[in-house]
Amino acid sequence: MPEKLLKITVEGETAVEVPPGTTVGGALESVSGKLAGRSLAASVDGVLRDLSYALAGDASITPYDASTPQGLDVMRHSASHVMADAVLQLFPGAKLAIGPAIEDGFYYDIDAPRAFTLEDLPAIEQKMQEIIKADLPFVRREMPRSGARAEMENAGEIYKVQNIDAAEGDVISFYRHGGFEDVCRGPHVPSTGRIGPVKLLSVAGAYWRGDARNRQLQRIYGTCFPDKKQLKQHLLRLEEAKKRDHRILGRQLDLFSIQPDIGAGLVLWHPAGGTVRHEVEEFWLQEHLKRDYRRLYTPHIASERIYHKSGHLENYADMMYSPMDIDGEPYRVKPMNCPAHIMIYKSGIHSYRDLPLRYCELGTVYRYEPSGTLHGMLRVRGFTQDDSHIFCTREQIRSEVFGILDLIDVMMNTFGYRYSAFLATRPEKSLGTDEEWDYSTDALRNALEDRGLDYEVDEGGGVFYAPKIDIKLTDSLGRGWQGPTIQVDLNLPKRFDVTYRASDNTDTETVIIHRTVLGSMERFVGGLVEHYGGAFPLWLAPEQVRVAAITDDQAQYVRDACAVLRNAGIRAAADLRNEKLGFKVREWQMAKVPCLAVAGPREAAENLLNLRVRNEEKAPVAGPVQLDKLVQTVLNQVESRSLWPAEVDLRQA
RNA sequence: GCCAUCCUAGCUCAACCGGUAGAGCAGCUGAUUUGUAAUCAGCAGGUUGGGGGUUCGAGUCCCCCGGAUGGCUCCA
């Protein structure tokens, strides 16, 4: 008797009928051989499956090939299995831990008999090619949890046992290709031959489960793309990112340095970097003053008493520097600005009529960061936060957060960052009552919605004392950066007994909103260097206009022109060197100065400058210009803080 | 802090298996007075990150310390 056929909908449109037990691949085959041929995996009623998955009922399937994020992910995961296989063949006795696909590639953590070095990678890669070329099918095997666990335990696969314990469901799956088998949820590509070109990139130590108390494993990073061209493009992108590395540009453009004799993680801002920072700070201050923030300065050291009171000493002692003895009392270098701001608030009595009170400070703090985590300006031990604390009533949280979001929008747009918002809610370990958390989380949510800002909810992602809004930035290379954060503090107001006199004459707890827009000057400026690739917009450029003479005869003319520019507040420098123009142009280009104004005999005779700008197409003026016209143009761009002449269109979402 | 790799002139890099440190750029001096991405020549520049060891001999091999890089952990 004929079996009842299954109704299979493919990609939501084409429908086919197939007998029960037909594989996903088979069903696709009956739609189109081409479709089946390029698919790597498919979602069946929303669950990602192998093409070898046998269909048991009516289903809706969406196939994924290597051009889709899902397909690519599966392919990279399969590549990580192949890498593990290769490693086991070359290094018998290694134990496998875990090997997922990640953004842009994959890795595998391996407990190896010896540490891997970069020199080991070519051999592993070679072996991988062989396995891929052999086109071995991936075969799925399922076992009940207990059996799978016993099997791995017998095999001495201690990490796999733990993986099984952490896995969900009663059935544990294994994937085999050739002589290699691994506990794995899958899915995988049909066979190793379907894996695109692979490239192993780096080795690193990585703790099992990311916990420093656990054994350190060997991690190998690799990547894999659908075709050679895309792999090559990716490797080129990595090169490009390397060229924009703020540490390299920082040296080339003489922006900053970090020197062992000063100390690791302590930044020396050179004149050029200092200028960029100053411009950012000026802008920051202007925007804050416009919004009725009050500027504060607080000391760099303080008695330990304040940090006992704030709880920092109890919770963060290992990131604070050792105490110093001052008149027999222990003092500490400041790790955070909040206690000092609170003490300023508490120096007097506040009426509800005073609130909100918005304090801000570019406050320099010092924190001990483990040596291995230091990274150029992005991760340092001394940094200046753009810190602010808003003291307000509960009712004002919503409108204050709204205002902060506005400030963030203005500032991030000015720098040309796109951004997205995340609402981080109450974590498991936390202080405060449900009522407090609900109220403040709702206030944050409402403010986001008032602004019509899309956001994702980061469930349980808040700090133990506060729900928060995190803003993530996307730079010109499409990379993500931690951006502004807004937190409603449910802890410090209690610890410090921060109150205001309410209209009914009772002392009521003041709400403290912590927020930072830039993060730290070090990190932010470091990020800007990479964002702009060192080619700063005019308003930020350390040197804005370079005026070059063709021969000595124009020296005085050039000096005079520079003086005019400087008097107008423009950062101008003269290039009077005894060199050919081509040489000066080249150096000007490499220094990434926005404008070059050339003066030869012709210009000098007619009181002109021949202007060349870094991004010619977008230049408001170019060629011969009057000096006052040049001054006006530059000042307009500076005043509007335009991104000109940035090389990329940064503002478009 | 942990694992791996690395540290040679101001910068970027050379120096075979251990045989006594070299180039380009930058700098200085001179010539050249130059029209939109490198004019030519000369000179100077180093206790090879610091310290110790092995060796007849160490930039090279070993140990300790410092720093950097890629990660882990953490995070502004």
Side-chain angles (χ1 to χ4, degrees), chain A residues 107 109 112 114-121 201-221 242 245 247-248 251-252 254 257-265 316 318-319 335-337 363-387 463 470 481-485 514-527 548-555 576-591 596-603 610-613 616 622-624:
Chain A
Y107 68 79
D109 281 350
R114 70 165 172 86
F116 297 133
T117 72
L118 239 37
E119 282 88 72
D120 295 321
L121 297 187
L201 298 169
S202 61
V203 291
Y207 296 106
W208 170 238
R209 296 258 157 96
D211 188 330
R213 287 166 303 191
N214 289 338
R215 185 173 168 79
Q216 190 159 46
L217 309 171
Q218 295 294 311
R219 176 173 297 180
I220 302 180
Y221 283 95
K242 212 168 158 187
D245 189 314
R247 292 164 301 180
I248 293 171
R251 164 162 288 151
Q252 280 170 359
D254 200 14
S257 64
I258 296 171
Q259 300 177 32
D261 285 348
I262 296 288
Y316 301 108
D318 52 349
M319 65 181 301
M336 282 184 161
N337 301 306
T364 305
V365 297
Y366 292 86
R367 297 182 189 171
Y368 172 74
E369 297 288 345
S371 62
T373 66
L374 301 176
H375 180 88
M377 292 181 111
L378 303 183
R379 189 101 194 124
V380 295
R381 284 177 172 164
F383 53 96
T384 301
Q385 290 182 306
D386 75 301
D387 212 351
V463 211
D470 275 326
W481 296 76
Q482 171 62 51
T485 64
H514 302 255
R515 48 110 285 205
T516 172
V517 178
L518 306 177
S520 78
M521 298 313 299
E522 285 72 11
R523 168 175 286 201
F524 191 76
V525 172
I550 299 221
T551 75
D552 288 346
D553 291 342
Q554 295 87 47
L576 301 174
R577 293 175 300 174
N578 178 8
E579 298 288 352
K580 292 188 174 182
L581 224 214
F583 179 85
K584 296 187 180 185
V585 168
R586 180 166 190 272
E587 297 231 317
W588 162 75
Q589 279 284 7
M590 292 196 308
L596 177 70
V598 177
R602 294 202 292 274
E603 287 79 10
N610 201 321
L611 180 65
R612 176 167 172 170
V613 298
E616 209 95 42

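Order of the sequence lines sets the chain letters (A, B, ...), proteins ahead of strands, with each chain counted from 1.
Look at B/A76: it lacks any Watson-Crick or wobble partner with both distances under 3.5 angstrom. If you check B/C40 for Watson-Crick or wobble pairing at under 3.5 angstrom, you find it paired to B/G30. Judged by Watson-Crick or G-U wobble contacts below 3.5 Å, the nucleotide B/G24 has B/C11 as its partner. Partner assigned to B/A4 is B/U69, using Watson-Crick or G-U wobble distances below 3.5 angstrom. Checking B/U48 for Watson-Crick or G-U wobble geometry (two distances, each under 3.5 Å) identifies no partner in any strand. Pairing of B/C16, defined by two Watson-Crick or G-U wobble distances under 3.5 Å, is not identified with any nucleotide.
The CE atom of A/M377 sits 18 Å away from the P atom of B/A76 (whole-angstrom rounding). Here the C1' atom of nucleotide B/A38 and the CD atom of A/E587 are 8 Å apart, to the nearest Å. What separates NZ of A/K584 from P of B/A37 is a distance of 14 Å, to the nearest Å. In this structure, A/R577 places its CZ atom 18 Å from C1' of B/G30, rounding to the nearest Å. Rounded to whole Å, atom P of B/C3 lies 18 Å from atom CD1 of A/I220. Atom pair A/L201:CG and B/U5:C1' shows a separation of 16 Å (rounding to whole Å applied). In this structure, the CE atom of A/M319 is 13 Å from the P atom of B/C74, given to the nearest Å. Going from atom CD of A/E119 over to atom C1' of B/A4 covers 11 Å, rounded to whole Å.
The CE atom of A/M521 sits 13.0 Å away from atom CZ of A/F383, with the distance rounded to the nearest 0.5 Å. Note that CG of A/D109 and CH2 of A/W208 are 8.0 Å apart. Values are rounded to the nearest 0.5 Å.
Taking every side-chain heavy atom of A/R523 into account, B/C75 is the closest of B/C75, B/A68, B/C72. The A/D552 side chain lies nearest to B/U33 when the options are B/A4, B/U33, B/A76. Closest approach to the A/I550 side chain among B/G71, B/G35, B/A4 is made by B/G35 (side chain taken as heavy atoms from C-beta onward). Proximity note for A/V203 (side chain, C-beta onward) versus B/G35, B/G70, B/A4: the nearest is B/A4. Listed candidates were B/G1, B/C72, B/U69. Nearest to the side chain of A/R381 is B/G1. For A/R602, the side-chain atoms get nearest to B/G35 when compared with the rest of B/G1, B/G35, B/A4. Checking B/C72, B/A4, B/G35 against the side-chain heavy atoms of A/A115 singles out B/A4 as nearest.
One cannot find a donor-acceptor pair under 3.5 Å joining the base of B/G71 and the side-chain atoms of A/Q218. Between the side chain of A/R586 and the base of B/A38, a donor-acceptor pair under 3.5 Å is found. Judged by distance alone with a 3.5 Å cut-off, a donor-acceptor contact links the side chain of A/R379 to the base of B/C74. Between the base of B/U36 and the side chain of A/N610 there is a donor-acceptor pair shorter than 3.5 Å. Not a single donor-acceptor contact under 3.5 angstrom links the side-chain atoms of A/Y207 to the base of B/G71.
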**OP:** Using the side chain to side chain contact (heavy atoms under 4.5 Å, CB included) rule, take A/E603 and A/V598 through it: C-alpha gap first, then chi angles, then the decisive distance, then the call.
**Re:** CA-CA 8 Å; A/E603 287 79 10; A/V598 177; 5.6 Å; no
Original post:
Would A/T516 and A/T485 satisfy side-chain hydrogen bond (donor to acceptor under 3.5 Å, both in side chains), going step by step from the backbone distance to the final call?
Top reply: CA-CA 6 Å; A/T516 172; A/T485 64; 5.8 Å; no
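Under a 3.5 Å cut-off, the side chain of A/R381 and the backbone N or O of A/E369 do form a donor-acceptor pair. With A/Q218 contributing its side chain and A/A112 its backbone, the two residues share no donor-acceptor pair below 3.5 Å. Between the A/E522 side chain and the A/R379 main chain, no donor and acceptor come within less than 3.5 Å of each other. No side-chain donor-acceptor contact under 3.5 Å links A/S257 to the backbone of A/Q259. Side-chain atoms of A/R367 come within 3.5 Å of backbone N or O of A/P335 as a donor-acceptor pair. A/K584 places no side-chain N or O within donor-acceptor distance of the main-chain N or O of A/I550, the cut-off being under 3.5 Å.
Contacts of A/G210 with the nucleic acid, taken as non-hydrogen atoms under 4.0 Å apart, involve only primed sugar atoms and P, OP1 or OP2. Using a 4.0 Å heavy-atom cutoff across all strands shown, A/T516 reaches no nucleic acid atom at all. Among the protein residues, A/Y368 comes within range of the sugar-phosphate backbone only, with heavy atoms under 4.0 Å from sugar or phosphate atoms but none that close to a base. A/G582 comes within 4.0 angstrom of sugar-phosphate atoms only, judged by non-hydrogen atoms across all strands, and of no base. When heavy atoms are screened at a 4.0 angstrom cut-off, A/E369 is found touching base atoms of the nucleic acid. Among the heavy atoms of the strands, none lies under 4.0 Å from A/F524. A/V365 comes within contact range of no nucleotide atom at all, as no heavy-atom separation falls under 4.0 Å. Contact annotation for A/A204: base contact, defined as any heavy-atom pair under 4.0 Å involving a base atom. Nucleic acid contact class of A/G205 (heavy atoms, under 4.0 Å, all strands): base. Using a 4.0 Å heavy-atom cutoff across all strands shown, A/Y107 reaches no nucleic acid atom at all. Counting non-hydrogen atoms under 4.0 angstrom, A/L217 reaches nothing in the nucleic acid. Using a 4.0 Å heavy-atom distance criterion, A/F583 is classed as a sugar-phosphate-only contact. Residue contacts for A/Q259: at a heavy-atom cut-off of 4.0 Å it reaches no nucleic acid atom on any strand shown. Among the heavy atoms of the strands lying under 4.0 Å from A/R219 are primed sugar atoms or P, OP1, OP2 only; no base atom is included.
Comparing B/U48 with B/A38, their P atoms are spaced 38 Å from each other, to the whole Å. B/U36 and B/U12 are spaced 27 Å apart, taking the C1' atom of each and rounding to whole Å. Taking the C1' atom of each, B/A41 and B/U47 are spaced 32 Å apart, rounded to whole Å. Between B/G71 and B/C11, the distance separating the two P atoms is 24 Å to the nearest Å. B/G19 and B/C74 are spaced 49 Å apart, taking the C1' atom of each and rounding to whole Å. Across B/C6 and B/U60, the matching P atoms stand 13 Å from one another, rounded to whole Å.
Within a 6.0 Å radius of CZ in A/R114, more than 12 heavy atoms belonging to other residues, nucleotides or ligands are found.
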Anything under 3.5 Å between a protein N or O and an N or O of nucleotides 11-18 of chain B, put it in a table, one pair a line.
residue	atom	partner	partner atom	Å
B/U12	OP1	A/R251	NH1	3.4

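Checking A/H375 against A/T551, the closest nucleotide of RNA chain B that is more toward the 5' end is the one next to A/T551. Positionally, the nearest nucleotide of RNA chain B for A/F116 lies more toward the 5' end than for the other of A/F116 and A/R209.
Of the charged side-chain nitrogens involved, none lies within less than 4.0 Å of a carboxylate oxygen, so that A/D211 and A/R209 do not count as a salt-bridged pair.
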